[in-house]
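Since the structure comes first, as structure tokens, the remarks are kept for the end.
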Amino acid sequence: MKINVIYFGMIAEAIGKNVETLQINSIQPNTDDLTTFFIQQYPVLKNKSFKIAVNQQMATNNTVINENDEIALLPPFAGG
Amino acid sequence: MLNEKEKHRYSRHLLLDKVGLQGQEKLKAAKVLVIGAGGLGCPVLLYLTAAGVGTIGIIDFDLVDETNLQRQILFSINDIGKNKALAAKHHLEQQNPYITIKAFAEKLTSKNALELVQQFDVIVDGTDNFSTRYLVNDACVITEKPLVYGSIYKFEGQVSVFNYNNGPSYRCLFPEPPKAGSVPNCSQIGVIGVLPGLIGTQQANETLKIILEIGTVLSGKLLIYDALSGNSTSINIKRSEEQIDKTKAMKPHFASFNYDAFCGIDLINTIDITELKELLKSENIQVVDVREEWEQPRINELNALIAPLDDLDDFVNQIDRNKKVVMVCQRGARSLQAILHLKKEYGFNNLINLEGGLLNWK
């Protein structure tokens with residue numbers, strides 16, 4: 001399955017890109033699977049804190065992902 | 001009521017049908033507290049002052065430093081070394097003599113937050129660290145005040161309005177702070193000077209919309225702006241009743257909640273058996289044993305509260321917050337885990353770990 005991903009802040013910085021299209025080899029993945037997938041794909045994310053949004057909606061519970069969904073990885077930041 | 005001079009000063013507002021005389025009077029009657037007079041606070045303060053918000057509070061304990069001048073546009077070289085809240089008040093009073101500026105040259109803490117926040121209608125968050133951000137959010141949830149949130153990282157900014165008309169809070173977005181030290185701040189990694197201006201003016205705009213009751217307030221949405229691409233992204237956030245209820249339940253012991261500990265940025269006190277024996281003689285302390293009931297040795301003279309680690313949450317109300325509490329177990333590992341949990345979830349700041357545990361008690 002193909003998903004479109006947008007990375008923000010420190011996450012984009014850590015993996016060196018802002019957007020990409022990724023192929024996931026899972027029939028019906030959810031946001032928990034995605035977290036595992038991203039950490040496998042980018043081990044540098046292991047100690048980073050981020051939230052996942054699916055189609056511009058922040059995922060609170062485990063959310064099912066569909067083909068061509070837009071996934072965003074949002075880190076918290078506190079600067080002011 | 002506005003006098004003739006004020007009517008003239010605010011004439012461009014009075015011409016707008018969404019503001020007008022009525023709106024300008026709402027602005028004059030409004031009380032806004034700006035937390036932090038830094039990168040975000042400066043543009044917020046300048047625009048709220050210019051717009052005629054009648055009472056503006058500024059709290060900041062920090063002093064103006066030369067490296068602040070790259071983005072903290074309220075200050076000049078003559079302010080270096082002065083308290084930011086007081087220096088800001090001085091400049092803003094020259095900008096608009098028709099409003100009241102209250103400067104608080106102190107640190108916002110869980111001890112003064114509720115009382116301070118209560119005196120204002122809208123709170124603007126311009127702080128630069130997680131522990132104060134969670135403190136501000138929680139104080140706003142407890143006192144039911146709208147919170148205009150802004151945050152920046154290098155070239156990127158986030159804006160939202162929390163606790164507005166039953167909307168989500170900051171904890172509905174980020175329930176837990178990130179690991180201590182994992183997210184650096186502007187002074188460590190830098191920030192493009194214009195970014196707090198871009199984000200701060202959006203915070204000022206949201207504040208004015210709340211007061212004037214116009215437009216659509218940025219509640220339930222996180223706006224993310226990337227200064228490098230010029231792109232804005234908006235993410236919807238849902239209110240979590242669980243997070244709101246948990247925050248409201250903090251009210252009775254809010255003043256003793258340790259936000260630095262919650263964010264993992266303070267140290268854990270430890271003692272050994274000899275020190276524990278001395279402490280038992282010299283002070284009225286409480287001992288909490290987090291082992292299972294069957295585990296040996298049992299030391300009667302400790303008069304310990306038995307609160308096995310797995311059921312610790314059920315014993316929280318029996319753990320004293322006002323005296324030293326020594327947490328014990330067999331070897332000192334579970335008691336340490338218990339301390340981390342109690343600090344993080346319940347804000348305890350009086351817990352001491354018995355290093356090495358009770359195994360070597362003689």
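Numbered from 1 within each chain, the chains take letters A, B, ... in sequence-line order. Predicted model only: the values in this text are computed from it and were never measured.
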**OP:** Working to the nearest 0.5 Å, report the span between CD of E242(B) and OG1 of T60(A).
**Re:**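 Reported value, rounded in 0.5 Å steps: 10.5 Å.
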**OP:** Counting only heavy atoms closer than 4.5 Å, note whether F155(B) contacts chain A via side chain, backbone, both or neither.
**Re:**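 No part of it gets close to chain A.
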Original post:
Which region of L222(B), side chain (C-beta onward) or backbone (N, CA, C, O), has a non-hydrogen atom less than 4.5 Å from a non-hydrogen atom of chain A, or is it both or neither?
Top reply: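 Contact with chain A: side chain only.
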Please report the shortest heavy-atom distance between [X] and [Y], naming the atom on each side.
X       : Y       : result
R133(B) : F77(A)  : NE-O, 4.4 Å
L74(A)  : F174(B) : O-CE2, 3.9 Å
P76(A)  : Y170(B) : CB-OH, 4.4 Å

**OP:** Would you please go through residues 225-239 of chain B and name the residues with a non-hydrogen atom below 4.5 Å from one of chain A, in numerical order?
**Re:** T233(B), S234(B), I235(B), N236(B), I237(B), K238(B)
Subject >> Proximal to chain A - members of residues 62-70 of chain B, heavy-atom separation under 4.5 Å >> reply: none
Subject >> Option that, when pairs with chain A are counted at under 4.5 Å, heavy atom only, ranks first among C172(B), G200(B), G157(B) >> reply: G157(B)
**OP:** Tell me, for I6(A) versus chain B, whether the close heavy atoms (under 4.5 Å) come from the side chain, the backbone, both or neither.
**Re:**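 Contact with chain B: none, neither part.
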**OP:** Enumerate by number any residue of residues 62-73 of chain A whose heavy atoms lie under 4.5 Å from heavy atoms of chain B; in the absence of such residues, state 'none'.
**Re:** A72(A)
Original post:
Among residues 31-51 of chain A, which residues come closer than 4.5 Å to chain B, judged by heavy atom distances?
Top reply: N47(A), S49(A), K51(A)
